[in-house]
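Right, one structure below, let's go through it.
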Amino acid sequence: MSRRLQELMLAAVKSLQNPIDYIRTRAHGDLTTTADGVRGIVKAETGADADGARIAAAAARGGAERSPVDASAPLRGRTDAGEEITFSADRARTATMYDSDGNILGLRVLSTQPGVDDAVEGEYLRTWARSDRLADTEYSPAVRRQLPIRGAKTIWEWGHSRAAAWGAAVRRNGTPPIYVDAHAGLHGYGADVDIGTAENRVWKKVVVDGEAFGRIVGSHPDFHRAITTGPQRPVVVLSCNSSRPGATGAQEFATYMHGEGGVVSDIHVPTGIAKPEVLPGTDIAALALEQTTDEAGRLLPAVRTFHAPQ
């Protein structure tokens, strides 16, 4: 980022920090001028006709310490048994993902799953987040194969790496995506929520719709920090099957995040299973995305992209 672009973004922030009389008389003009300047510089530096107004507004929000999303607002989810649970976003079990330099790489919304060891899964994803970041620009198409042996498990066959839908933005901006990880399916996203007290925690696994999931993610201070310090970073969701035909969660999540959630970049969601992997014998963080088909047998794209509103 050039010194001039930094100065323009700083001007946007300062204009919002001045007294209210100043804002009433001059801020609109200052921000309009700033946005035009940002647009021109970003275009010159990256070749992209970026929306300077969105970038300037995001930079101005960067000074906020808390997300504008109310973490205490009531949300609803359902248990596997169909029981409706009311909770708030700040009672969901989450974990921040960090890269090898300690920078925020993303957010995990945790949920207990049959046959999955939380501790093992958590350590594996921490290692993946700290490894060399092939997944930031590429993915491998993968298919599941059933071995012709009685009792054999399904194996995964990986294809050659392909350019990821978010790769161009990552290369252009020089910053990684923001990853959002949660178990998911056709009916929503999983989350463990605490419905007990500070002295006696009671955890319930619930399934929430895309908007409620967005509120959990958007209200988290680390996610808010990531999108305000790096508004250009694309969001990559690692939630299996969440944009498969018939699933509504991805659209609900993207709509909420591009509105109240404050995301001004594209959001990419897998149509099939997403498998973050550290390649054996290496320190390379890769990503496999299942190749899926629709009911007519037509091959679906590995990810569905929800473009940022212009």
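Sequence positions, counted from 1, serve as the residue numbers for this chain.
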Any donor and acceptor pair, going by atom type alone, linking the side chain of [X] with main-chain N or O of [Y] inside 3.5 Å?
X    : Y    : answer
H187 : V208 : no
T127 : E123 : yes
E290 : G272 : no
S243 : V269 : yes
D209 : A212 : yes
R201 : G196 : no

(request) Output, in order, the C-alpha distance, side-chain angles, deciding distance and verdict of side-chain contact (heavy atoms from CB on, under 4.5 Å) for H268 and V235. (result) CA-CA 6 Å; H268 307 274; V235 174; over 6 Å; no

Shortest non-hydrogen contact between [X] and [Y], atoms and distance:
X    : Y    : result
A119 : D117 : N-OD1, 2.9 Å
P270 : L289 : CB-CD2, 4.2 Å
L279 : W158 : CD2-CZ3, 4.0 Å
P68  : H224 : CD-CE1, 3.6 Å
N241 : R244 : OD1-NH2, 2.7 Å
Y139 : A164 : CD2-CA, 4.0 Å

Group every Ile, Leu, Val, Met, Phe, Trp and Tyr by side-chain heavy-atom contacts under 4.5 Å, then state whether [X] and [Y] land in the same group.
X    : Y    : result
L110 : F213 : no
V236 : V180 : no
I195 : I216 : yes
F87  : V217 : yes
I227 : Y256 : yes

Cut-off 3.5 Å, side chains only: do [X] and [Y] have a donor facing an acceptor?
X    : Y    : answer
T305 : D266 : no
Y179 : D136 : yes
R172 : Q232 : no
T175 : N173 : no

(request) Quick one: do L287 and L238 satisfy side-chain contact (heavy atoms from CB on, under 4.5 Å)? Show the steps, please. (result) CA-CA 9 Å; L287 177 63; L238 303 176; 4.0 Å; yes

(request) Validate the cation-pi geometry between R133 and W128: distance from NZ or CZ to the six-membered ring centre under 6.0 Å, angle to the ring axis within 45°. (result) yes

Distance from [X] atom [atom1] to [Y] atom [atom2], nearest 0.5 Å?
X    : Y    : atom1 : atom2 : answer
S239 : H183 : OG    : NE2   : 9.0 Å
D90  : S219 : CG    : OG    : 7.0 Å
S140 : L134 : OG    : CG    : 7.0 Å
D283 : S100 : CG    : OG    : 8.0 Å
L299 : Q291 : CG    : CD    : 5.0 Å
T96  : F223 : OG1   : CZ    : 11.5 Å

Does any non-hydrogen side-chain atom of [Y] lie less than 4.5 Å from one of [X]?
X    : Y    : value
P177 : V170 : yes
S265 : I267 : no
I85  : R76  : no

(request) Using a strict cut-off of less than 4.0 Å between a Lys/Arg side-chain nitrogen and an Asp/Glu carboxylate oxygen, indicate whether R162 and E138 qualify as a salt bridge. (result) no

(message) Between the side chains of D192 and K204, is the shortest nitrogen-to-carboxylate-oxygen separation below 4.0 Å, so that they form an ion pair?
(response) no

(request) Decide side-chain contact (heavy atoms from CB on, under 4.5 Å) for F253 and Y189; before the verdict, give the C-alpha distance in whole Å, the side-chain angles of both, and the deciding distance to 0.1 Å. (result) CA-CA 10 Å; F253 174 75; Y189 299 86; 4.1 Å; yes

(request) Show your reasoning for whether side-chain contact (heavy atoms from CB on, under 4.5 Å) applies to D222 and Y98. (result) CA-CA 10 Å; D222 287 339; Y98 298 96; 3.6 Å; yes

(request) Sequence neighbours left out, what passes side chain to side chain donor-acceptor pair (under 3.5 Å) with E157? Give chain and number order. (result) R145

Below 3.5 Å, can you tabulate the donor-acceptor pairs from side chains in residues 101-109 to any protein atom, sequence neighbours excluded?
{"unit_1": "N103", "atom_1": "ND2", "unit_2": "D99", "atom_2": "OD2", "d": "3.4"}
{"unit_1": "R108", "atom_1": "NE", "unit_2": "D181", "atom_2": "OD2", "d": "3.0"}
{"unit_1": "R108", "atom_1": "NH2", "unit_2": "E121", "atom_2": "OE1", "d": "3.3"}

(request) Might you work through the side-chain hydrogen bond (donor to acceptor under 3.5 Å, both in side chains) test for T86 and E84, ending with a clear yes or no? (result) CA-CA 7 Å; T86 299; E84 185 174 283; 4.8 Å; no

